[in-house]
Amino acid sequence: MIRSLLRRNRLFTIGLALCAFWIMIALLAPLISPYDPLGQDMTARFQKPSLAHICGTDSLGRDILSRVLAGSRISIGAGFLTILLSSVVGVVYGGIAGYLGGAVDEIMMRGAELVQAFPTIILAMVISAALGPSLFHTLLAMVVIWWPNYARVMRSMVIQVRSNEYVEAAKSLGSSDLRIFFHEILPNSIGSIVVLATVDFGNAILLFSGLSFLGLGSPPPTPEWGAMVSDGADYLNDWWIATFPGIGILTMSMGANFIGDGVRDYLDPKLRHEV
Amino acid sequence: MFRYILRRLIFLIFLMVGVTIVVFLLSHAVPSDPVVANLSQRNLGDAEMVAAFRAKWGLDQPLYRQYFTYMSNLVQGDLGLSIRTQRPVAADLARYFPATIELAAFGILFATLFGVLFGVISAIRRNTFADHFLRGVSVFGVSVPSFWLALIMLFIFYLGFGVAPGPGRISPRVSPPETWSGLYTLDALRMGDWALLGDALSHLVLPGICLGMFTMGLITRTTRSSLLEVLSLDFIRTARAKGLAEKNVIRKHALGNALIPVVTVVGVGFGNLLSGMVFVETIFAWPGIGQYAYQSAKNLDFPAIVGVSLLIAVNYVLINLTVDILYGLLDPRVRYDR
């Protein structure tokens, strides 16, 4: 699938390259960063981009390039964990609702709909503001608002898969509900969840950096991209402080979105011949 | 159709109750305390001050009592007092909402105009450079963080070239129009003050673009794929076979059908718009609901948080209901009652 996507869709290739680039950076950050991302140098504050500091320095004289490189680890990690945890919660929740059906299903899905209709950003802001600034709390807030999508997809997949004959067969052989769920239903519904997760990754990075911009991420010295852009907002004339971390967010989420678009187009049979 | 609308309105009531319960539970499940967030350090050391604060805001009552008091006030249209601003929440919302409506309308207008335009060009010129470029633009739209875009645009167009006005709804030396609708453009228009209208409009451009960027990307993508799908259908082949010019095939036959799914995206886009509002309003010093929500959340001002959440949730449901109804009217194949 990946090979045929690469052949047909140039934008998908660009996306793959961007993501590979950032993953490499995240892995190698401590080795290749020219300065200590937390190291302050009061004699070198607000330096324009130069050979010594390719992306300039911020209000505490910290090297912005080193901080952007270090920030990639947090962004990728946070995006990945949000998606992973949300999909686990969603798969379990949607799986139970879809498998049991009836009134339980109805009540559970109304609950999920409630979370979805709730203004997400407000819920996330309240949770992180209430629990105090920390990476863990931000992740918690994101998972709380993120899982319902996965629950809905999982539920509809389960309902579809449940009616298949091989599930009937497993039942008549006396398999337990749990066994049927893990051996028959889950393997046959996980594909859609993976697609949704791919398409969603860019959005997760965007929301995470947004919360971090609002001061709801880790406490200050941590090199988070969103928080760095927020630092730069106070010194608009020193454009480099906000620009470079922002380019980090933009390129990573563009990479994820190019991949997501490619996968979506590939799986949509109506568009398949067009891409 | 009627039964569908009724069902959605019942869901709306359920949703409103749900929102209040969620915020109420949250307000007590969290370790942090509105007393700490709203009293000064010195007053915090004073046990009497703290007790008075708790008694004043009913924080010393059991949770279910607080909830019933709140709900009985709510059904009478009273949202309570904001802890932070000390004003009735309903009055606060009424004061900040028009600014948000004005900005959101501009944002969605930008998003729809350019999204449809880009999507159509992209589909017609499929697999050419223009298509690749515009798809890039659309992915840029859904990927760019609005807070960063806002800063960059301010830096370039306000500080750099000086072609755009700075943050705020109108220029500092201009006095706002007398309040009628609360939308500065409408109010200026009503007064016939063209200079003021121009000033208000120019202040809408940058924040409106930042706000609409994400939705623009979504609409471009939907328009493109939907138009491509329609163009592959039989009736288009017929239209082409009978010798219609390609221009007319697109304009008269394909476009109308292709735009039906776009209506839904505009509805979804409104939801995204409201999230973006928090960032864009903060950076552009726009006195709207987004900033109010941010300040309320930061200060754990729960009456205000419930108020804002209700306002947004109700708007969201009503907008999506409107979209669903429109969808049913536009596409005779869609039937909501089964």
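Both backbone and side-chain heavy atoms feed into the values below; hydrogens, waters and symmetry mates do not. Proteins come first, then strands; the chains are lettered A, B, ... in the order of their sequence lines, and each starts at number 1. In this text, all values refer to a predicted model and were calculated from it rather than measured experimentally.
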Engineer: State whether the number of non-hydrogen atoms from other residues, nucleotides or ligands found under 6.0 Å of A:F80 atom CZ is greater than 12.
Structural biologist: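 Open: at most 12 neighbouring heavy atoms sit under 6.0 Å from CZ of A:F80.
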Engineer: Might you point out which heavy atoms bring B:V278 and A:L214 nearest each other, and give the distance in Å?
Structural biologist: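 The answer is CG1-CD1, 3.9 Å.
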Engineer: Between B:F147 and A:S209, is there a side-chain heavy-atom distance shorter than 4.5 Å?
Structural biologist: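 Yes, close enough: below the 4.5 Å cut-off.
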Engineer: Counting only heavy atoms from other residues, nucleotides and ligands, does the tally under 6.0 Å from CZ of A:R110 exceed 12?
Structural biologist: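 More than 12 heavy atoms, drawn from other residues, nucleotides or ligands, come within 6.0 Å of this atom.
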Engineer: Does a side-chain heavy-atom distance below 4.5 Å link A:T243 with B:F155?
Structural biologist: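 A side-chain contact under 4.5 Å is absent here.
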Engineer: Begin from the C-alpha positions of A:F258 and B:S143 and carry the test side chain to side chain contact (heavy atoms under 4.5 Å, CB included) through to its verdict.
Structural biologist: CA-CA 10 Å; A:F258 276 133; B:S143 308; over 6 Å; no
Engineer: I'd like to know whether CZ of B:F133 has more than 12 heavy-atom contacts from other residues, nucleotides or ligands below 6.0 angstrom.
Structural biologist: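 Open.
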Engineer: Looking at every heavy atom in both B:P145 and A:I249, which two are closest together, and how far apart are they?
Structural biologist: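 Distance-wise, the nearest heavy atoms are CG-CG2, 3.6 Å.
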Engineer: For A:F213, is it the side chain, the backbone, both, or neither that has a heavy atom closer than 4.5 Å to a heavy atom of chain B?
Structural biologist: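 The answer is the side chain of A:F213.
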Engineer: Could you tell me which portion of B:F140 (side chain, backbone, both or neither) has an atom closer than 4.5 angstrom to a non-hydrogen atom of chain A?
Structural biologist: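 Contact with chain A: backbone and side chain both.
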Engineer: Identify which part of B:L310 has an atom lying under 4.5 Å from any heavy atom of chain A, answering side chain, backbone, both or neither.
Structural biologist: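 For B:L310, neither part sits under 4.5 Å from chain A.
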Engineer: Nearest heavy-atom pair of A:D261 and B:R221: which atoms, and what distance?
Structural biologist: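 Heavy atoms of A:D261 and B:R221 come nearest at OD1-NH1, 2.7 Å.
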Engineer: Keeping the roles fixed (side chain from B:Y294, backbone from A:I122), state whether a donor-acceptor pair exists under 3.5 Å.
Structural biologist: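 It does not hold such a pair.
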Engineer: Given heavy-atom pairs under 4.5 angstrom as the criterion, report whether the side chain, backbone, both or neither of A:I205 touches chain B.
Structural biologist: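 Interface part for A:I205: neither.
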Engineer: Mark yes or no for whether B:W148, through its side chain, and A:V229, through its backbone, hold a donor-acceptor pair below 3.5 Å.
Structural biologist: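 Here the side-chain-to-backbone pair does not exist.
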Engineer: Looking at B:S296, B:A313, B:A293, B:S309, which one has more heavy-atom pairs under 4.5 Å with chain A than the rest?
Structural biologist: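 Heavy-atom pairs under 4.5 Å are most numerous for B:S309.
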Engineer: Please say whether more than 12 non-hydrogen atoms of neighbouring residues, nucleotides or ligands are located less than 6.0 Å from OH in B:Y158.
Structural biologist: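 At most 12 heavy atoms, drawn from other residues, nucleotides or ligands, come within 6.0 Å of this atom.
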Engineer: Please report the closest heavy-atom contact between A:A242 and B:L151, naming both atoms and the distance.
Structural biologist: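 Looking at all heavy atoms of both residues, the shortest contact is CB-CD1, 4.1 Å.
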